[in-house]
Engineer: 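A single structure is presented below for examination.
Every chain is numbered from 1, with letters handed out A, B, ... down the list of sequences. Just so you know, these numbers come straight off a predicted model, no measurement behind them.
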Protein chains: 2
Amino acid sequence: MKKKSIKDIAQELGYSKTTVSFVLNNKGDEKNISKKTQEKILAYVREVNYQPNQIAKSLKKGKTNTIGYLIPDISNPFYAKIGRLIEDLLADKGYHLIIGSTDETQEKEDLLLNMFVNRQVDGLILASSFENLGMLNTLAAQRFPMVFFDREHPDFFGNYILVENKNAMKGAVQKAIKHGAKKIGLLSITPNVYSLELRIDGYREALSDNLIDIDNSLIRIVDNNNLKESTKVQLKHLVEDQVDTIVFTNNQITAHAIWAMNIFHQEKIDDIRFVSFDNLDLFDYSKPKVTSVAQPIEKIAHYTVDILEEVMNKKECISKRIVLEPKLIERL
Amino acid sequence: MKKKSIKDIAQELGYSKTTVSFVLNNKGDEKNISKKTQEKILAYVREVNYQPNQIAKSLKKGKTNTIGYLIPDISNPFYAKIGRLIEDLLADKGYHLIIGSTDETQEKEDLLLNMFVNRQVDGLILASSFENLGMLNTLAAQRFPMVFFDREHPDFFGNYILVENKNAMKGAVQKAIKHGAKKIGLLSITPNVYSLELRIDGYREALSDNLIDIDNSLIRIVDNNNLKESTKVQLKHLVEDQVDTIVFTNNQITAHAIWAMNIFHQEKIDDIRFVSFDNLDLFDYSKPKVTSVAQPIEKIAHYTVDILEEVMNKKECISKRIVLEPKLIERL
DNA sequence: GCTTTTTACTAAACCGTTTTACTAAATCGA
DNA sequence: TCGATTTAGTAAAACGGTTTAGTAAAAAGC
């Protein structure tokens, strides 16, 4: 039982491919196909459960209804959640998602970008590390529909959906200071992307503005390749340095630090406050207490899809930069 | 600057499409294309950065190198993690993933299954709720390459990668009993899939085997559509019923219960032990203590991809059922 | 009753590849 | 030196749709 094509349908019914195609695409009336014929074709198509070949359609139409979702890691809850929201929003418009996780490596990003282009995706949603500006610039030059989120690059001009990184972080740290924080450490993954640098800048500014000396030994970078273990090690340094507050630049590292505090520093667990960029459900009850800067993921997903649709439809070269306000969730 | 096709390359270089295609597919030698010509073509192709159109290729070859990943929700860490592992394993073989989240609804599952078929995916990896056995049977009858994981249906004959649900749960509960559990409640999402029923059966068997009466009022089902709130409500009942242990059938509900215990039942937090199917990092330190049955997600991903490849390559109709052993992680 | 318009449909080109079946020229063997 | 083989390629069909440009017959207009 091979799959039936329009050609088969046409032959079996004694019509031409053209007629069948018109009917299937709801152009029957417009193209003067008689009601009787239309019904006959539709009935038959239903009977044999004909399924159009999207690939053939895509080739002819030059449109695949597919969007590439390029991110560091789909198993990171932040990208998974936004991915899910985007999936639903796009599904309503008839688009579907191909995913690509880069692990922040240029090699994989290149490969995936090429794959997406070869597969003729209609657009790209990406949280890129911008290590391959060359390829991105080429795509931008061809006006390939792209929307970037979560990360930005000062030298790359494109559509961005971002959150206020610096000021949000600054605000969170300032609140902590207002509530008595004096010795404030920072733990970050390697700040290979601009957004992370901005978060660190926010931390620095909060300290300066409050006349707290910035002690670079309290700013510690963990090894991305060995996140959990490295977080544990760096955290130990900060605990030994008697900080009263630790600031984290993303949720993954905060989660690992909570783990390490509970397993290795129980005795200090009530003496240290955490401030995290990104929220996690477990922050509602975890120890230490975590005040977090929650990104508005629904809004991020909405804007991303909206702007992508705009750039896919319009021929003009628009370039929007939308900066959303994160929400500070204080837990004291 | 429109995209170049093989035709353009051929014209610009004065060769035929055939020759260019042969060279690009490494069939130059085999097809007796001279070294000089091969080099000329390859050099030019590189110069103009020619990118083959995968869609055209797929149409002609009848192969898209795309796999559909159909699951309840990609933002569920369990499916996201397995998804990521599968993504990497498949990428090595030249395949990529289109995702579809069903929210456990038959409507969405139907729509997505149809979408995958129309898009000519080469295979399907699915954690289906099996509510649309009809459609799945149709696909199975056409020998569509499919591998099911995480869930099974007793009436559906296909390739399954599963974990021992009943015995693993039974073992976990028995351990709890051995460590003194006397009054043991159970909290589950609606057991609309067989795997969940098996887990509940495991709980029941553990109690019977240890001569503990099964009190159906201690078996509580939460509302899938309002998981967090409903978990809180049902948990309250169990706490008030003075259970000393609560068994959960998946990680999502356990996470919500940990949240609810911390927020609403602090005073009892040391009196109750949790037993969870599925592991989460936070179980390492969360209160209450959580003993968990950890699914071997790496193995699941490996077997899934292996079997899928097998069924895609072999024409014979194989039907494997692989049952993996989960790991009990005791935290006392 | 003849031209014009409308109705109902179709042939063929096309999207960008792959692949089968050829051909013309060069080389080889005896 | 002549037939066979090898070398180096090409033309055209095919994949399964969409779309353009048509056509023949029926209906309408006058």
Engineer: Parallel under 30°, tilted from 30 to 60°, perpendicular over 60°: which one fits the rings of B:Phe148 and B:Phe130?
Structural biologist: parallel
Engineer: Can you tell me the distance, in whole Å, between the CG atom of B:Asn32 and the C1' atom of D:dT5?
Structural biologist: 12 Å
Engineer: Strictly by modelled atom types, are B:Gln120 and B:Thr64 linked by a side-chain donor-acceptor pair under 3.5 Å?
Structural biologist: no
Engineer: Using a strict 4.0 Å threshold on nitrogen-to-oxygen distance, state whether B:Asp29 and B:Lys35 make a salt bridge.
Structural biologist: yes
Engineer: Using a heavy-atom cut-off of 4.0 Å across all strands, would you classify A:Thr37 as base, sugar-phosphate, or nothing?
Structural biologist: sugar-phosphate
Engineer: Would you list the pairs meeting salt bridge (Lys or Arg N to Asp or Glu O under 4.0 Å) in which at least one residue belongs to residues 70-81 of chain A, sequence neighbours left out?
Structural biologist: A:Asp73-B:Arg84
Engineer: Quick one: B:Lys36 NZ to D:dT7 C1', roughly how many Å, whole number?
Structural biologist: 13 Å
Engineer: Polar atoms only, N or O, under 3.5 Å: list the protein pairs with nucleotides 17-22 of chain C and their distances.
Structural biologist:
| residue | atom | partner | partner atom | Å |
| --- | --- | --- | --- | --- |
| C:dT17 | OP1 | B:Tyr50 | OH | 2.9 |
| C:dT17 | OP1 | B:Asn53 | N | 3.1 |
| C:dT17 | OP2 | B:Ile6 | N | 2.9 |
| C:dT17 | O5' | B:Tyr50 | OH | 3.2 |
| C:dT17 | O4 | B:Lys17 | NZ | 2.8 |
| C:dT18 | OP1 | B:Asn25 | OD1 | 3.2 |
| C:dT18 | OP1 | B:Asn25 | ND2 | 3.2 |
| C:dT18 | OP2 | B:Ser21 | OG | 2.6 |
| C:dT18 | OP2 | B:Asn25 | ND2 | 3.1 |
| C:dT19 | OP2 | B:Lys27 | NZ | 2.9 |
| C:dT19 | O4 | B:Thr18 | OG1 | 3.3 |

Engineer: Is it the case that the side chains of A:Ser34 and A:Thr37 hold a donor-acceptor pair, with the cut-off being a distance below 3.5 Å and no angle test?
Structural biologist: yes
Engineer: For A:Gly14, answer base if it contacts any base atom (sugar-phosphate contacts may also be present), sugar-phosphate if it contacts only those atoms, and nothing otherwise; contact means non-hydrogen atoms under 4.0 Å.
Structural biologist: sugar-phosphate
Engineer: Is A:Glu131 paired with A:Lys108 through a side-chain N to carboxylate O contact shorter than 4.0 Å?
Structural biologist: no
Engineer: Less than 3.5 Å apart, any donor N or O on the side chain of B:Asp8 or B:Tyr50 sitting next to an acceptor on the other?
Structural biologist: no
Engineer: In whole Å, what is the span from the CG atom of A:Asp29 to the P atom of C:dT6?
Structural biologist: 17 Å
Engineer: A:Gln120 has an atom CD; how far is it from atom P of D:dG17, in whole Å?
Structural biologist: 19 Å
Engineer: What is the distance, to the nearest angstrom, from the CG atom on A:Leu59 to the C1' atom on D:dA14?
Structural biologist: 12 Å
Engineer: With a cut-off of less than 4.0 Å, is there a side-chain N or O of A:Thr19 near OP1 or OP2 of C:dT10?
Structural biologist: yes
Engineer: How many Å lie between CG on B:Leu13 and C1' on D:dT10, as a whole number?
Structural biologist: 15 Å
Engineer: Just how far, in rounded Å, is C1' of D:dA11 from OH of B:Tyr15?
Structural biologist: 17 Å
Engineer: Can you measure A:Lys63 atom NZ to C:dG16 atom P for me and round it to whole angstrom units?
Structural biologist: 17 Å
